[in-house]
Amino acid sequence: MTDLGMVLEVFLFINLLVALLKVTRGPTHADRMLAALLFGTTGVALLLLLAHTEGEPALVDIALALAVLAVIAGAAFAQRAWRGKWEGNEHS
Amino acid sequence: MILRAILWRGVLLAALWCLLTEGRVDSWGLGVASAVLALAASLILLPPGSIRFSLAGLAVFLVYFINQSLRAGVRVALLALRPRLNIHPGIEPVSLRMPVGVGRVILVNTLNLLPGTLVVDLAANHLYLHTLDIGGSIEEEVRVAELRIAKMLGLDLDDEP
Amino acid sequence: MTLDLLLVAALLWTAVQSLATPNLFRGVVLFIVFGLFMALVWVRLHAADIALAEAAIGAGLTGALLLNGVGHLRAKQQSTLP
Amino acid sequence: MSIPELLSASFLLIGAAFFLVGTIGLLRFPDVYTRLHALTKVDNLGLGFTVLGLVIQAPDALAALKLVLVWLLALLASATGNFLIIRRAFDKGIAPWMAQERENDP
């Protein structure tokens, strides 16, 4: 059973690496940020699985913190970093 | 009225702390302090009396919500897996009967998780929805979601637009 | 084992990329991603408390502050440039 | 393997499959709005199934409830964050991708 957990952990991590491609490629700022938020959700799942396979319930708390704080980064992006009119090219 | 709200919310927040610490008792000092702060914040941000929360409504809403989000996930998953991408996305305005306040916040968050809809903007009395298949039955879905949420919160919907 | 190797590779790659990229915004987002990887590394090292701090501060708060900074810089650039 | 273990394993597998599809959607869909459809819906479902699979194996009821709480918070968090970003994208006037454009311009 923990074997399956470990396989799934590697699988989810590879998923993260594929999403990393989107972060580096863009093309728009929103794409990068959304990929980073996807990291949040996948990261939460990964941490929950790790909590199970390593038998450390404290990791659930980390997952909780990650889930909640991802919003702060998302909100900071939407409210502060990404203002002004769309010009079709964001020097990506 | 206000005492009742304080009592209910206090019990809920204490239960939440209990859940977060998984029933340990050594951190209750901090727990009580944060529960009181959270209670104050909730009273300021959401004054009591504006909604009449219904547990039966919550149950109905939860069943509806889980059912719909399963459908949403499967549908988008199938679209993403099709060899030739066959989607007709677009933005549609839909009128809104939900009064301003908590109800709207919950409605927007729910619609974001429902099949084929994504709220892109919120105006005085309508929503702009982005859909994957334009020309579908989006208006009806919004009506259903509105009704369920209004029942849960004991809100009255505005008249027919 | 596989997970650890992938994790180290990803950590190093995001670190180098976030420092080397000429695009400020890309650097910031990569830094947020780096914070998440760092938290996972702490988890693998059995340091759950440091991982919690890293997830909260590195991936959450510092990311928000840096994004705020990018916003200010851009507003300033737009007001000084024609 | 006992029946609960089997059930849990299959939920975990379904969850992982949804995550994979979410990533595929992120790479394949043509614009910000459609990509967000893939993210908000599919990924939350993936997390939901993962949580469900772990809840079955949770040591006690409190631990199980806490896992569900994580899912609910993640749901709320991603719905809110995504709404903020998408509203900003709409504000900035990013036009949604249309199917016709693709037919005219293969």
Side-chain angles (χ1 to χ4, degrees), chain B residues 12 15-24 62 65-93 104-123 127-135, chain D residues 14 17-49 59-70 75-83 85-91 94-100 102:
Chain B
L12 264 178
L16 187 63
W17 181 263
C18 193
L19 202 58
L20 284 176
T21 54
E22 293 185 46
R24 276 199 304 268
L62 276 182
F65 178 79
I66 290 173
N67 187 8
Q68 290 288 316
S69 60
L70 259 174
R71 270 186 53 206
V74 172
R75 203 182 130 195
V76 179
L78 288 178
L79 281 176
L81 286 177
R82 252 185 227 160
R84 195 176 174 280
L85 214 54
N86 184 21
I87 52 177
H88 303 273
I91 293 182
E92 281 184 25
R104 276 200 181 182
V105 175
I106 298 180
L107 179 68
V108 166
N109 281 338
T110 309
L111 287 177
N112 276 344
L113 298 161
L114 285 191
T117 56
L118 205 60
V119 180
V120 294
D121 208 1
L122 196 58
L127 287 169
Y128 290 92
L129 286 175
H130 182 270
T131 68
L132 282 180
D133 271 308
I134 205 148
Chain D
I14 295 174
F18 271 116
F19 274 115
L20 177 66
V21 174
T23 314
I24 293 175
L26 182 70
L27 293 178
R28 278 192 76 195
F29 280 170
D31 72 348
V32 181
Y33 304 100
T34 46
R35 274 181 213 128
L36 215 66
H37 277 282
L39 276 187
T40 47
K41 281 143 204 165
V42 182
D43 271 29
N44 286 324
L45 215 52
L47 185 59
F49 274 108
D60 54 61
L62 271 180
L65 272 177
K66 193 172 175 183
L67 285 173
V68 175
L69 182 70
V70 172
L75 211 65
L76 193 65
S78 77
T80 314
N82 289 336
F83 172 59
I85 292 182
I86 211 67
R87 193 180 56 177
R88 176 66 69 188
F90 188 61
D91 251 21
I94 296 181
W97 179 88
M98 299 286 196
Q100 286 89 339
R102 191 178 145 133

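Proteins come first, then strands; the chains are lettered A, B, ... in the order of their sequence lines, and each starts at number 1.
No more than 12 heavy-atom neighbours from other residues, nucleotides or ligands sit within 6.0 angstrom of OH on B/Y128.
For B/L16, the part lying near chain D is the side chain, with the backbone staying farther off; criterion is any non-hydrogen pair under 4.5 Å. In this structure, chain D has no heavy atom under 4.5 Å from any part of B/V105. For D/I86, the parts lying under 4.5 angstrom from a heavy atom of chain B are both the backbone and the side chain. Of the two parts of D/F83, the backbone and the side chain both hold a non-hydrogen atom closer than 4.5 Å to a non-hydrogen atom of chain B.
Smallest separation of non-hydrogen atoms from D/A79 and B/N109: CB-OD1, 3.6 Å. For the residue pair D/F18 and B/A77, the shortest heavy atom distance occurs at CE2-CB, 4.2 Å.
Between chain B and the residues D/V70, D/L69, D/N82, D/D60, the largest count of heavy-atom pairs under 4.5 Å involves D/L69.
Interatomic distance, CG of B/L20 versus CG of D/L62, reported as 10.5 Å (0.5 Å rounding).
D/K66 contributes no side-chain N or O that, together with a main-chain N or O of B/L19, makes up a donor-acceptor pair within less than 3.5 Å.
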